[in-house]
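Data first, discussion second: the structure below is written as structure tokens.
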There are 2 protein chains.
Amino acid sequence: MDRKLAESLSVDCVLFGFDMEKLNVLLVDRVLKDDNDTIIFSDLTLTGYHIYKDEDLNSAAARIVKDITGLEGLVLEQFHTFGSLTRLQRPNDQLWSKQLGDAISDRVVSVGYYSLLPNTDIEIIQKGRIVNWHPVSSVKNLAYDHEQILKKALGHLRYKLQTEPIGFELLPDKFTLTQMQTLYETIIGVKFDKRNFRKKISQMNYVVALNEKQTGVAHKPAQLFMFSREVYEKTRKERFSFFT
Amino acid sequence: MDRKLAESLSVDCVLFGFDMEKLNVLLVDRVLKDDNDTIIFSDLTLTGYHIYKDEDLNSAAARIVKDITGLEGLVLEQFHTFGSLTRLQRPNDQLWSKQLGDAISDRVVSVGYYSLLPNTDIEIIQKGRIVNWHPVSSVKNLAYDHEQILKKALGHLRYKLQTEPIGFELLPDKFTLTQMQTLYETIIGVKFDKRNFRKKISQMNYVVALNEKQTGVAHKPAQLFMFSREVYEKTRKERFSFFT
DNA sequence: ACAAAAGTGTTCGATATACACCCATGA
DNA sequence: TCATGGGTGTATATCGAACACTTTTGT
């Protein structure tokens, strides 16, 4: 590959997953070894890479996710751009750059994207790197300023979740109302009343009941539902108002 | 100044103003002349410039606004980053780059910021460039992809306006409720009922009545109000919910 | 038969909407 | 005195919050 890098520009993608119990984020192991294969340090990064000069931001984000995880066709949403002068200046990060022979010791500006996926339904293909789901609530040991990036992404996710029906992107195609409720409770961090929750959902005509029930559970099997984007697009209301 | 530019990185700031009648945006005249001083073309740009390698994004935004308008201390909020491969490729933009001897013919990624100001209370200092308020509703002839940037900024403004009490940044320190209502009606594009609007406002204890009235108007003078950030911070509620 | 989660309705208070007239001032 | 925008209250409908028991399945 002889494409030129856009010096000092990268993309970092925060890939969120939900496993019916907690919110997770996909992270890449970063291990620096010396010549004797002794580990100097080991930490975690978001899925990110530099941008090429001949690709736009969205394509770069899609390419990077695909290169690292094998995933294609995700909805990637840009949420913030990070350009602190010190974002790559911690000791581990400097060692890492040096080792790679990256001449990039200057500040790199990174455009942040996030995407949502049901981590039950999804298979990650390890393409040379070690990539794993980590519970968002207990992530530590992140490289660079990736903790900040993750926090900001989480803020956007919470906000968006309360504002638009994107929760479905974190659920499998067929889901139960209890799963949906758990998702919102987990991510937003509030408990809902089951009856009120379901009353609310039943007014959303884009959440449609299927002729299908859960199987293999040791209790009354739940009705399965799906999200209909078509119905949603046709019936979406105008934005909430600050006033009304 | 011998600071190095971060090649291929710039900031564009969308400065919104409100004059009690309509929403305006501050734009810079861009006029290209040939050697005989004949005008080749003339159009408008947002207040933007390249970023230096030794400044972070927020500082760059503040510096650029100050350099072009003399304004300091604005609340500048980052809203989106633009990186299309063709954003500087229209004929005028190419001519302009050539004329400036800017070796930058490659794509430049630009980080977008916006800020709100009451354009009544504010004085713009022309620092070598011609800078004017233009009504947002009739802006045309924008350079680069600045029309897109403006549209996106407007979207964010509308959204934020309905979600957080930022409208006050567009009003003078002392304002009447009718002015406030006009602001929301103009920007969001809906009409409100006067009594209901005022009922709503009276529940916002951070909108406080002053012991002062309008003067010099040919009708019953209106009560003046101010926005109290302290009260707001102390009593702000949690986010709206998608559900509740 | 029991454990485990599914499913279901009503009452009460709060909030949104619709709507029309008198008031204070400057000209 | 008139033109102009300022200021106010009530009735009705809608929506959110609180709350407990029966049902269906697998073991």
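Keep in mind it's a predicted model, so treat the numbers as computed, not measured. Keep in mind that the numbers below use all heavy atoms, side chains included, and drop hydrogens, waters and symmetry copies.
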Under 6.0 Å between ring centres: does that hold for B/Phe227 and B/Tyr206? yes

Measuring from the side chain of A/Asn196 (C-beta onward, heavy atoms only), which nucleotide among D/dT4, D/dA18, C/dA6 has the closest atom? D/dA18

Could one point to a donor on the side chain of B/Lys200 or the base of C/dT15 with an acceptor on the other under 3.5 Å away? no

Rounded interatomic separation in angstrom, taking NZ from B/Lys213 and C1' from C/dT25: 11 Å

Would the base of D/dG16 count as contacting A/Lys199 through its side chain, where contact means a donor and an acceptor less than 3.5 Å apart? no

For atom CG of A/Asp193 and atom P of C/dT8, their distance in whole Å: 14 Å

A/Pro221 vs B/Ala222, nearer the 5' end of DNA chain D by closest nucleotide: B/Ala222

Under 4.0 Å between any heavy atoms, over every strand shown, what does B/Gln214 touch: base, sugar-phosphate, or nothing? Just pick one. nothing

Answer with yes or no whether A/Lys220 presents, from its side chain, a donor or acceptor under 3.5 Å of a partner atom in the base of C/dG7. no

Of all the choices, D/dT4, C/dA6, D/dT8, which nucleotide is nearest to the side chain of B/Arg198 once you look at every atom? D/dT8

Without decimals, in angstroms, what is the distance between A/Lys194 NZ and D/dT23 P? 14 Å

Can you measure B/Gln179 atom CD to D/dG5 atom C1' for me and round it to whole angstrom units? 12 Å

Atom CG of A/Leu183 and atom CG of A/Leu161: how far apart are they, to the nearest 0.5 Å? 6.0 Å

Given atom CE of A/Met180 and atom P of C/dA5, what is their separation to the nearest angstrom? 20 Å

Just to be sure I understand the rule, does B/Thr178 reach a base, reach only the sugar-phosphate, or reach nothing, if contact means heavy atoms closer than 4.0 Å? sugar-phosphate

Between A/Glu230 and A/Lys234 (salt bridge meaning N to carboxylate O under 4.0 Å), is one present in this structure? no

Taking the six-membered ring for Trp and the full ring for Phe, Tyr or His, determine whether the centres of A/Phe175 and A/Phe168 are under 6.0 Å apart. yes

Whole angstroms only, please: what is the CG-P distance between B/Leu177 and D/dT8? 9 Å

Presence of salt bridge, A/Arg87 and A/Asp12, under 4.0 angstrom: yes

Is A/Arg195 close enough to D/dA18 that one of its side-chain N or O atoms is under 4.0 Å from OP1 or OP2 there? no

Could you tell me the separation between the CG atom of B/Leu224 and the C1' atom of D/dG6, rounded to a whole number of Å? 12 Å

Return the value, rounded to whole Å, for the distance between atom NE2 of B/His219 and atom P of D/dT4. 11 Å

